[in-house]
Amino acid sequence: MVRLFLVGVALLTLSMAGCKSKTSTNEGGFRVFITYATFRPKCLTLSVEDRREPTRRESGVVTVDADARSDTRVGVILKQAGWSQDLRVIAQAHEGSCEGPVIARQSADVQLPEENLTDLKLDLRAEDLDDDGFFAMKGDYPGTDCDDTRPEVHPGATEVCDGVDNNCVAGESDAPGNVQYWVDEDGDGYGDATTQPQMGCAAPVGFATRAGDCNDNDPLVHPGQDEFRCDGKDDNCDGAADNAPFDVGVTCVTEQLCAGTRQCQSTQASACVSTQVPVEYFADDDGDGQAGTSLGLSCQAPELGATTEKNDCDEGTPRVSFVGVAEVCDRLDNDCVNGVDDGVPGCAAVAWNAVTVLNNGSTRYDAVANYGERLGWLAGPNDRVVHVNGNTFTAATSCAGDWKSAWAAPNGRVFLGSSDGRFATLMPNALTTPCETRSSGQTGAINGLVGFPDPNSNVFNVYGVSSTGRVVSWSYDHGSSGNQPDPTTVTQFAANLRDIDGLRADSLFVVGAETVNGEQRPVAWSSPESGTTWTREVLGLPETTTGFLNGVQVLTPQMVYVAGDRGLLLEKSRATWTQKPVLTVTGGVVPNLRAFIAFGRTGIYAASSVVNDLHFFNGTAWSTVATPTRTVNALGGFGPGEVWATGHDGLLTRWKP
């Protein structure tokens, strides 16, 4: 039998199956000296096995001195019945406990002597430099200490976020307060959403603490942003390609009111695309019940009342329409068929009839105001005010002033504006009595007048504009025999105003010029429907355009014309200003338009500087319709079939009065 004695500080006999309890001093065996240095093994074992039959194996624990870093322990191995003489003796040191990892091992293959004890030395070497009971992870028998230079680093230590794997397990992933991080190949600060996250106190280089990157090969693609390319790809990793701001696939309505969906037009833009085919719509802007203003192509009515039928060829006047209007002699194509004045006998031969008013060739007239067929007023400097009834001319005998402007009410009452800022008024049946006058409160010339009867009273609300930039109003009660109120200032501009017009008191337009860098620049304003702030009209002219706007006429709520120096004629159709062809005269000279009157888009008369001609604009081109012998200063008329022109040397020329 083999008996195994492990000798430490005190003799320890390990009982094994079949072991004898007695020894013989001359019995053959080994006295094993187990030496270790520079470490404290938690468990030291000595084992013996039969090399011829390895299943025969016995082990025992060697008692150690817990305080000793270097020591020698002794064990005795004796012969055991049934075992061969060929033995292997093994000494092992363990980390932590006898179940812990082997951190040192030495073995010897020996032959058991027949008698007496033979000494056998086994030397164990392991490294625990920081003496923390855990051994360096190196050599043939590595321990579990991942940093053997620091006693606070070893398995079981408390993990903290300090850049060190304190407990030698999974880095700092198990430290309280650590974070998840993901692989970030493209360096955009967002990790690959398809990878498993790792834990740590801080993301290493090449990792990010934010996940969700759906393309980790493109640094421009990541969450937290809008789509920036319209290309069928998901730029912000929200699971949808080309959504906001491109909104591809979203139902929409095109500018032509066609139902569609948004589609990429380039990598930088999307647009609403429809398969519907738009058609042209028209609107009735002049209120005659027939539509002629093109609203463009659309898949549905762009506004209330719009129609796909065009049945009006001039939306500047109700006198023109495809439906319900007969052709008359007025230079308009009233029925929109076969041209101007077609089928009207003798119309082409109608001439202008010129007279010298009151046979006074020394008189100049600067204003004309009509209020009925063949009825109107002429006014000018040197107290000249004349009532016209057909071919009867009657002068007011007591209306002193240098009269610059005039407006006539439907009942024949005329209102006048003077060069020194006064209003005046008189009736056709009171020409021998002094006209009633009021100061406008300023001394600038009142260059233009327009008025509106109050439908609920006898009041006429008259508005004028002055050379000092004022818009003034006078509310005159025709039915009152008492004193009338004084005119008041509505607003004032830094401009020289030349004319005013409108359809109502809350839809006025004023024109003139303002001084910019020592030059006169054309300018226009429109009144507010409510409040007090007037709108400066954006005329669309080059900034270098100079000169005055001398006249304005509002034909419909949607159509306005202004005329001025250097042949300037502008049309406002709805919200858009458009410059019309510039008037030129003999030699290519561009004159100033000193006065004009419009009866529609296709019927505009103008008087100019340079020549005495009366010019006509048919919506496309200019022509000359008359050549008076004197300079024309003002134009008027009771409609397109009755046009008046007055001016120097008592001139009054009329077409079909």
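One is the number of the first residue; the rest follow in order along the sequence. Computed from a predicted model, the values in this text were never measured in an experiment.
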If you take all heavy atoms of Val523 and Ala495, which pair is closest and at what distance? CG1-CB, 4.3 Å
Using the rule ring pair (Phe, Tyr, Trp, His ring centres under 6.0 Å), only one of Phe460, Phe415, Phe452 pairs with Tyr476; which is it? Phe415
For residues Tyr561 and Phe596, establish whether the separation of their ring centroids is below 6.0 Å. no
Within the 3.5 Å criterion, strictly below it, is a donor on Thr546 or Glu519 matched to an acceptor on the partner's side chain? no
I'd like to know if the side chain of Asn550 pairs up with that of Asp565 as donor and acceptor (distance under 3.5 Å, no hydrogens or angles considered). yes
Out of curiosity, Thr646 OG1 to Arg654 CZ, how far, rounded to the nearest 0.5 Å? 10.0 Å
Quick one: CD on Gln520 to OG1 on Thr515, what's the gap to the nearest 0.5 Å? 3.5 Å
Hey, are the side chains of Leu378 and Val388 touching, using non-hydrogen atoms and a 4.5 Å cut-off? yes
Under the criterion side chain to side chain donor-acceptor pair (under 3.5 Å), I'd like the reasoning laid out for Thr627 against Asn612: C-alpha separation, chi angles, the key distance, then a yes or no. CA-CA 6 Å; Thr627 304; Asn612 294 338; over 6 Å; no
Given the options Val625, Leu583, Ile604, His615 meets side chain to side chain contact (heavy atoms under 4.5 Å, CB included) only with Leu583
Under 3.5 Å, side-chain donor or acceptor atoms of residues 272-282 against the rest of the protein: list the pairs with distances, not counting sequence neighbours.
unit_1, atom_1, unit_2, atom_2, d
Ser274, OG, Ala259, O, 2.6
Ser274, OG, Gln276, N, 3.0
Gln276, OE1, Ala259, N, 2.6
Glu280, OE2, Ser294, OG, 2.6

How far apart are the closest heavy atoms of Ala283 and Arg574, and which atoms are they? CB-NH2, 3.2 Å
Under 3.5 Å, is there a donor-acceptor pair between the side chain of Asp499 and the main chain of Val511? no
Count the heavy atoms belonging to other residues, nucleotides or ligands that lie under 6.0 Å from CD of Glu255, then report whether that count exceeds 12. no
Between Gln290 and Asn311: side-chain donor-acceptor atoms closer than 3.5 Å: yes
Of all the heavy-atom pairs spanning Pro485 and Ser475, show the shortest one and how long it is. CG-O, 3.3 Å
Taken to the nearest 0.5 Å, the spacing of Asn353 CG from Asn391 CG works out to 8.0 Å
Neighbour count above 12 (heavy atom, 6.0 Å) for Glu309 CD: no
Please work out which of the three classes, parallel, tilted or perpendicular, describes the rings of Phe493 and Trp525, given edges at 30° and 60°. parallel
Determine whether the side chains of Asp314 and Thr602 contain a donor N or O and an acceptor N or O closer than 3.5 Å. yes
Exceeds 12 heavy-atom contacts within 6.0 angstrom, atom CD of Glu303: yes
Under the 3.5 angstrom rule, does the side chain of Thr425 hit a backbone N or O of Val414 as a donor-acceptor pair? yes
Can you measure from CG (Leu508) to OG (Ser527) and round to the nearest 0.5 angstrom? 4.0 Å
Please report whether the ring centroid of Trp655 lies less than 6.0 Å from that of Tyr605. no
Sub-3.5 Å donor-acceptor pair from the side chain of Arg438 to the main-chain atoms of Gln484, do we have one? yes
Is there a donor-acceptor pair closer than 3.5 Å between any side-chain N or O of Ser270 and the backbone N or O of Arg262? no
Where do Cys230 and Ser266 come nearest, in terms of heavy atoms and distance? CB-O, 3.2 Å
Is any side-chain heavy atom of Leu449 less than 4.5 Å from a side-chain heavy atom of Val462? yes
Gap between atom CD of Glu514 and atom CG of Asn496 - 0.5 Å precision: 11.5 Å
Using atom types as modelled, flag every donor-acceptor pair under 3.5 Å from a side chain in residues 634-643 to any protein atom, sequence neighbours excluded.
unit_1, atom_1, unit_2, atom_2, d
Glu642, OE1, Arg374, N, 3.2
Glu642, OE2, Arg374, N, 2.7
Glu642, OE2, Trp644, NE1, 3.1

Ser480-Asp477 side chain donor-acceptor pair, cut-off 3.5 Å: no
Which pairs, with at least one residue in residues 580-594 and sequence neighbours excluded, count as a side chain to side chain donor-acceptor pair (under 3.5 Å)? Arg594-Asn633
Can Ser526 and Glu537 be counted as having a side-chain donor-acceptor contact under 3.5 angstrom? yes
Under 3.5 Å, is there a donor on one side chain and an acceptor on the other for Thr317 and Asp286? no
Taking the side chain as every heavy atom from C-beta outward, state whether Asp285 and Met559 have any pair of such atoms under 4.5 Å apart. no
Closest approach of Pro522 to Leu539 (non-hydrogen atoms, all atoms of both residues): O-CD1, 4.3 Å
Where the side chain of Gln492 meets the backbone of Thr468, is there a donor-acceptor pair that is under 3.5 Å apart? yes
Roughly how far, to the nearest 0.5 Å, is the OG1 atom of Thr437 from the CG atom of Leu416? 10.5 Å
Between Asp330 and Lys656, is the salt bridge (charged side-chain N to carboxylate O under 4.0 Å, His left out) condition met? List the steps. CA-CA 9 Å; Asp330 60 0; Lys656 294 202 318 168; over 6 Å; no
Under the 3.5 angstrom rule, does the side chain of Asn334 hit a backbone N or O of Val328 as a donor-acceptor pair? yes
Exercise: identify the closest heavy-atom pair between Val320 and Cys336: CG1-SG, 3.5 Å
Using modelled atom types and a 3.5 Å cut-off, is there a donor and acceptor pairing between side-chain atoms of Glu327 and backbone atoms of Asp335? yes
Is it true that a side-chain atom of Thr254 and a backbone atom of Cys258 form a donor plus acceptor pair closer than 3.5 Å? yes
Between Arg498 (side chain) and Asn447 (backbone), is there a donor-acceptor pair under 3.5 Å? no
May I ask you to decide if Pro581's main-chain N or O and Trp622's side chain share a donor-acceptor pair within less than 3.5 Å? yes
Is any side-chain heavy atom of Ser418 closer than 4.5 Å to a side-chain heavy atom of Asp402? no
